[in-house]
Undergrad: 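Before I ask anything, let me first share the structure, which is written out below as C-alpha cells.
Being a predicted model, the structure only gives us computed values, none of them experimental.
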Amino acid sequence: MKDHAADSLALDDGANIAVIGGGPSGSFFSFFALKMAKMVGKDLNITIFEPKDFTKTGPAGCNRCGGIISELLLQTLAIEGINLPDSVVRKGINSYSLHTNYGDVIIETPALDKTIATVYRGGGPKGFIGADKESFDHFLLDQAIQEGAVHKRVMIDHIEYRNRRPVLFSQKQELMDADLVVGAFGVNSGAPKLVEAMKFGYLEPPVITATIAELAMGNDVVAKHFGNSIHLFLLPDPNIKFAAMIPKGGYVTLCILGSAVTSKTVDNFLKNPVVKDVLPQETGYQIECRCLPKMNVGAPKKAFADRMVMCGDAGSTRLFKDGLGAAYLMGKAAAKTAVFNGVSREDFRVGYYPTYKSIITDNYYGHALYAVIGIYRKFSLLTCSMLKVVKKEQGSVNNEKILSGILWDMFTGNERYKKIFSQSLKVRMHIDMWEGVFKSLSRRQL
C-alpha cells in the first residue's frame, strides 16, 4: 500500500501562498486558510494578486456576473463570521415572474429560508457605487485582508516550476517563490493559459458565451415594474436557453444564456413583444453597459498538482447558477486541505477532490434538467401545460407545489441539481402535466 505521508508536502510556519484572483473563490480561500492556520498556531503569508479595483464602477471594476446570492449562503456566511451589510445586498427577492409566449405566472418563494438577494459582484454600472453602496467582491476581499492577507494590484503573466516550486512573474519581473499557488481566476482572463503552459495536465474549462447588460431606470421605476421579483423568460428562441432581469436599486441587470449569443442579442431580445410588455414604456430605460462574458460549463479533470490547486471558475463550479456558493465550497475545501493535510498532489486528491468531484457529478443532473426545460420551452403544448400546473399550484394552499419548487430551485441555487432531479420524478406532477397536454390536444381537434 502506498504511504500517503511520503507524498505529503506540509505548509511550514511562514509559508508563502500566492492566490491568483481576488474574486470570491480567492477571498474565501484566503479568509479560511488564515483562520485555520491560526487554529493550529501556524503563520502563513498569503498574497492575493488581483489587478482589478472592485471599488471602481463601470468596466474597471466589473466582474461580469448576474450577482444572485441565496439566503442559505447568507446564513452560512454569517455563521462563519462574514455578515453582509445592507450596503452590499441590493435587493431581497421573494418571487419569480415567469414569462412565456403563452402567458405569465408568478412563483412565490417556497419558504423563507429559500429567498434570495441580489448583489453587484464588481463595482456595478458607472456612478453606482457610493457611500451607501459596496460591491460584494470588494467586501469579501476586504474580509480576507482583515484576516491578514495582502492584496497586490498586479497581473501575473507567467508561472514556472523551479526546484519543484512554482515561481510567479509579472512583466518579466520575478515576484514570488511560492509554497502554494491557488488558481482563483475567472475564465474571462488569460490566466488559464498560464496554468496550461505549466503542463501538469490542467486544461482550460469548456465555456459558453453569455451577455449581460445594465438597464438604468431609476429606483421608483424599478420598484413599480419589478418589485421584489426576478423576471425570467422562457421563449422559443433556439439561440437562447433562458434570460433573466434582476432588479438592483435603480438598475436592472439583464442576463442572457444561449448557444449563439452575440453583440446584437440584447437589442433583439429587448424588441421581443413578451419582453417589451415587462419594460417601462412611459419612462423608458438606458442601456448603461453590456458585455459578453464566458461562463464555465465544465471542469478540468486535473485541477491540482504539487503546490498548485484550482478553485471556483478555474476549476469546478455550479452550472449556470450559484457561483458564489460553489466559490465558498471550493475555497474552504482547498484551504482546509492545504492547512490540515498538505499541498501535494496526493493531499489534494484525498482532501480536496471529493468536494470538487461532487459539483461535477451534480452538474450532470443540471445538464439533464436544462435539456428538459429546453424541450418544454420549444413546444407550445408543453409550455402551456407547464404554466397551467404552476398556476394551479400557486393558487392552492394545500396541494404540494412540486413544479413550482423545481423551477424556483433551478434558478436560485438553493438546492443541488440531484435533489431537484429527484423531485422531477414525482408521479403527481407528471400526471398534472400530461393531463394539461391531452386537454389542449382535445380542444384543438374539436
Side-chain angles (χ1 to χ4, degrees), residues 24-25 65-73 76 96 98 107 110 114 116 186-187 204-212 230 232-235 237-244 246 255-261 293-301 303 310-330 333 353-378 382-383 386 390 402-426 429-430 433:
S25 57
C65 177
I68 294 177
I69 185 168
S70 69
E71 177 64 26
L72 178 61
L73 181 57
T76 302
Y96 266 98
L98 180 63
I107 303 174
K114 287 198 172 188
I116 55 177
V187 291
E204 186 174 4
V207 298
I208 65 167
T209 301
T211 185
I212 296 176
I230 288 178
L232 187 69
F233 299 84
L234 293 180
L235 304 174
D237 186 329
N239 296 323
I240 296 178
K241 286 183 179 292
F242 69 89
I246 308 165
C255 300
I256 302 175
L257 297 178
S259 56
V261 173
K294 299 175 186 175
M295 289 189 68
N296 178 322
V297 292
K301 291 183 178 179
M310 306 296 115
C311 297
D313 282 357
S316 177
T317 191
R318 297 191 73 187
L319 181 69
F320 298 149
K321 66 168 184 175
D322 196 30
L324 298 178
Y328 164 77
L329 289 173
M330 294 292 94
Y353 186 69
T355 304
Y356 184 90
K357 179 67 174 178
S358 70
I359 290 183
I360 297 175
T361 302
D362 193 60
N363 283 344
Y364 292 144
Y365 293 95
H367 281 290
L369 287 165
Y370 279 107
V372 172
I373 287 177
I375 294 171
Y376 274 75
R377 176 174 53 84
K378 184 177 180 181
L382 294 176
T383 302
M386 178 181 68
V390 173
I402 302 172
L403 183 55
S404 298
I406 288 171
L407 292 172
W408 179 269
D409 289 333
M410 276 289 292
F411 302 112
T412 61
N414 278 296
E415 293 288 357
R416 288 286 185 115
Y417 284 123
K418 183 177 181 180
K419 185 172 181 178
I420 301 170
F421 187 85
S422 67
Q423 288 289 103
S424 73
L425 300 178
K426 288 190 174 182
M429 182 191 73
H430 290 283
M433 286 289 298

Undergrad: Partners of Phe320 by ring pair (Phe, Tyr, Trp, His ring centres under 6.0 Å), sequence neighbours excluded?
TA: Tyr370
Undergrad: Any heavy-atom pair between the side chains of Met386 and Leu403 that's under 4.5 Å?
TA: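 Yes - at least one pair of side-chain heavy atoms lies under 4.5 Å apart.
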Undergrad: Please identify each residue that fulfils side-chain contact (heavy atoms from CB on, under 4.5 Å) with Leu72, with sequence neighbours left out.
TA: Ser70, Thr76, Asn414
Undergrad: Kindly write out the residues that satisfy side-chain contact (heavy atoms from CB on, under 4.5 Å) with Ile240, not counting sequence neighbours, or none if the list is empty.
TA: Asp237, Ile256, Thr265, Phe269
Undergrad: Run the side-chain contact (heavy atoms from CB on, under 4.5 Å) test against Lys418 and tell me which residues pass, sequence neighbours left out.
TA: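 By the side-chain contact (heavy atoms from CB on, under 4.5 Å) rule, Lys418 matches Asp362, Tyr365.
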Undergrad: Would the number of heavy atoms belonging to other residues, nucleotides or ligands and lying under 6.0 Å from NZ of Lys321 be above 12?
TA: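 Yes.
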Undergrad: Would you say that Pro300 contacts Tyr356 through its side chain, given a criterion of any heavy-atom pair below 4.5 Å between the two side chains?
TA: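 Sidechains of Tyr356 and Pro300: in contact.
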Undergrad: Ile375: what forms a side-chain contact (heavy atoms from CB on, under 4.5 Å) with it, not counting sequence neighbours?
TA: Phe379, Leu382
Undergrad: Just verifying a value: how many Å separate Met295 CE and Thr209 OG1, rounded to the nearest 0.5 Å?
TA: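 Here the interatomic distance stands at 10.5 Å.
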Undergrad: Within a 6.0 Å radius of atom CZ on Phe421, are there more than 12 heavy atoms belonging to other residues, nucleotides or ligands?
TA: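 No, because the 6.0 Å sphere around CZ of Phe421 holds 12 heavy atoms or fewer from other groups.
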Undergrad: To the nearest 0.5 Å, what is the distance between CG on Asp409 and OG on Ser424?
TA: 11.5 Å
Undergrad: Of the non-hydrogen atoms in Arg318 and Tyr417, which two are nearest, and what is the gap between them?
TA: NH2-N, 3.7 Å
Undergrad: Evaluate side chain to side chain contact (heavy atoms under 4.5 Å, CB included) for Phe411 paired with Ile68, printing each intermediate quantity in order.
TA: CA-CA 10 Å; Phe411 302 112; Ile68 294 177; over 6 Å; no
Undergrad: List the residues meeting salt bridge (Lys or Arg N to Asp or Glu O under 4.0 Å) with Lys419, not counting sequence neighbours, and say none if there are none.
TA: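 Salt bridge (Lys or Arg N to Asp or Glu O under 4.0 Å) list for Lys419, sorted by chain: Glu415.
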Undergrad: Determine yes or no for a side-chain-to-main-chain donor-acceptor pair under 3.5 angstrom, with Thr317 supplying the side chain and Asp313 the backbone.
TA: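 Not at all, since once roles are kept as given, no pair shorter than 3.5 Å links the two residues.
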Undergrad: Check for me whether Arg377 meets the cation-pi criterion with Phe242, that is, NZ or CZ under 6.0 Å from the six-membered ring centre and within 45 degrees of the ring axis.
TA: no
